[in-house]
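Read the structure below first, then the notes.
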Amino acid sequence: MPELPEVETVRRCLEPRVVGRTIVALDVFDSTVSRQGEAQLRAALLGRRVAGTRRRGKWLVFDLVQVLMIVHLRMTGRLVWKPHEGERGREPRFAVGFDDGSRLHFFDVRRFGRLWAIPAGEEAAFFADLGAEPLEEAFTVQRLRDAMAGRRAPLKAFLTDQRRLAGVGNIYADEALFRARLHPLRAAGSVGPREAARLHAAIVETLRLGIEHEGSSVESFVDPAGSRGRFQEILNVYQRTGQPCRVCGTPIRRVVVGGRGTHFCPCCQPRRAARLRTVASRVREGAPPAPSRRGR
DNA sequence: AGTGGCTCCTGGCGGC
DNA sequence: TGCCGCCAGGAGCCAC
């Protein structure tokens with residue numbers, strides 16, 4: 001499932017290949033890939049030069065100066081770079097041809113991926129509902145705390161909600177929560193300042209590590225040049241149900257949160273806050289519980 | 001408003 | 001061996 005690190009990996013692979021090239025062909029083989037028709041997409045894209053590539057959350061943006069070509073890979077979308085024409089096997093959903101004869105093919109077995117061509121001036125409206133970009137400086141601990149404040153939604157659902165945070169999906173949410181030692185079912189609004197700082201660091205570290213490893217190839221992810229990612233080799237919890245936690249050896253558990261498979265270590269990610277657990281263990285040891293700071 | 005649930009889509013897999 | 005049904009999940013939509 002392409003998330004922020006996978007989309008960034010795709011972007012980095014494509015950037016040197018497409019920047020400076022002019023789009024001379026667009027073929028739509030599956031009309032459901034875009035709400036816009038082939039004629040409209042062609043009118044918007046043909047003859048335009050690629051000035052740069054960007055990423056916003058899990059959305060890949062090709063900057064064509066006055067127009068933006070935007071691609072979302074969703075579940076199984078794959079952009080495949082072909083130096084020259086010619087493609088074997090399954091038909092792509094769309095293909096873009098460049099002025100030097102090279103082509104970019106979009107393959108997508110589950111057909112959830114989408115393509116847009118919008119005027120550059122509509123970018124703000126297009127991404128209006130998208131939350132903080134986690135690898136930008138503006139994403140601070142305070143910003144995360146503000147976003148979590150008062151929310152009853154479980155942390156797992158909060159992290160994968162693109163309106164709150166852009167780019168985190170199932171894999172990196174589970175991995176970030178493990179790093180932060182936070183239980184996926186904890187309400188986002190119940191997270192204290194220290195825990196929020198830990199979660200912030202965990203989100204940033206996990207995503208950076210994902211990019212460093214060129215993404216996770218847990219299903220079929222490969223970059224446009226055909227390279228697999230390596231992050232799946234260092235996953236701590238995702239799809240490791242029943243296997244021992246790499247930290248404490250406890251079997252990894254799987255629960256469903258918001259309809260999504262969620263993996264965590266029940267020992268490293270306790271449901272209750274650490275302070276409460278300390279009180280519980282004091283009771284178990286026969287010592288009187290520490291007096292509450294609030295006196296109640 | 002915030003939250004949870006359903007839908008789309010198809011290859012892969014477990015069970016019988 | 002073959003077939004059936006379930007599972008995976010990003011985002012959009014809908015209901016409460």
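Order of the sequence lines fixes the chain letters, A, B, ..., with proteins taken first and strands second; residue numbering starts at 1 for each chain.
- Regarding Asp161(A), its CG atom lies at a distance of 10 Å from the C1' atom of dG2(B), rounded to whole Å.
- Residue His72(A) has a polar side-chain atom (N or O) positioned under 4.0 Å from OP1 or OP2 of dA11(C).
- For Asp129(A) and dC13(C), the CG to P distance is 10 Å, given to the nearest whole Å.
- Along DNA chain B, the nucleotide nearest to Gly259(A) and the one nearest to Arg164(A) differ in position, and the one closer to the 5' end is contacted by Arg164(A).
- Salt-bridge formation is detected for the pair Asp27(A)/Arg103(A): a Lys NZ or Arg NE/NH1/NH2 atom is positioned less than 4.0 Å from an Asp or Glu carboxylate oxygen.
- Atom pair Arg110(A):CZ and dT7(B):C1' shows a separation of 14 Å (rounding to whole Å applied).
- Each of Arg35(A) and Gly169(A) was assigned the nucleotide of DNA chain C with the nearest heavy atom; the assignment lying further toward the 5' end belongs to Gly169(A).
- Regarding Asp108(A), its CG atom lies at a distance of 11 Å from the P atom of dG11(B), rounded to whole Å.
- In this structure, CD of Gln162(A) is placed 16 Å from P of dT3(B), rounded to the nearest angstrom.
- We find that Arg55(A) and Glu133(A) are joined by a salt bridge, their nearest charged nitrogen and carboxylate oxygen being less than 4.0 Å apart.
- Between Phe231(A) and Tyr172(A), the distance separating the two ring centers is shorter than 6.0 angstrom.
- At a threshold of 4.0 angstrom between heavy atoms, the contacts of Tyr238(A) are confined to the sugar-phosphate backbone, with no base atom among them.
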Item checked: Pair Arg93(A)-Arg114(A), side-chain contact (heavy atoms from CB on, under 4.5 Å): steps then yes or no -> CA-CA 10 Å; Arg93(A) 299 184 71 204; Arg114(A) 292 291 180 268; 3.8 Å; yes
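- Counting distance only, with no hydrogens placed and no angle test, the side-chain atoms of Arg152(A) and the base atoms of dG2(B) include no donor-acceptor pair under 3.5 Å.
- Summarising the geometry, the separation between CG on Leu73(A) and P on dT10(B) is reported as 18 Å, rounded to the nearest angstrom.
- Side-chain N/O atoms of Arg48(A) and Gln66(A) include a donor and acceptor closer than 3.5 Å.
- The nearest whole Å value for the distance from the NZ atom in Lys58(A) to the C1' atom in dA11(C) is 8 Å.
- For the pair Leu185(A) CG and dT3(B) C1', the interatomic distance rounds to 15 Å; values are reported in whole Å.
- Distances shorter than 4.0 Å separate some side-chain N or O of Arg111(A) from OP1 or OP2 on dT10(B).
- Residue Arg74(A) is in base contact, counting any heavy-atom pair closer than 4.0 Å across all strands shown.
- Counting non-hydrogen atoms under 4.0 angstrom, Arg151(A) reaches the backbone sugars and phosphates but no base.
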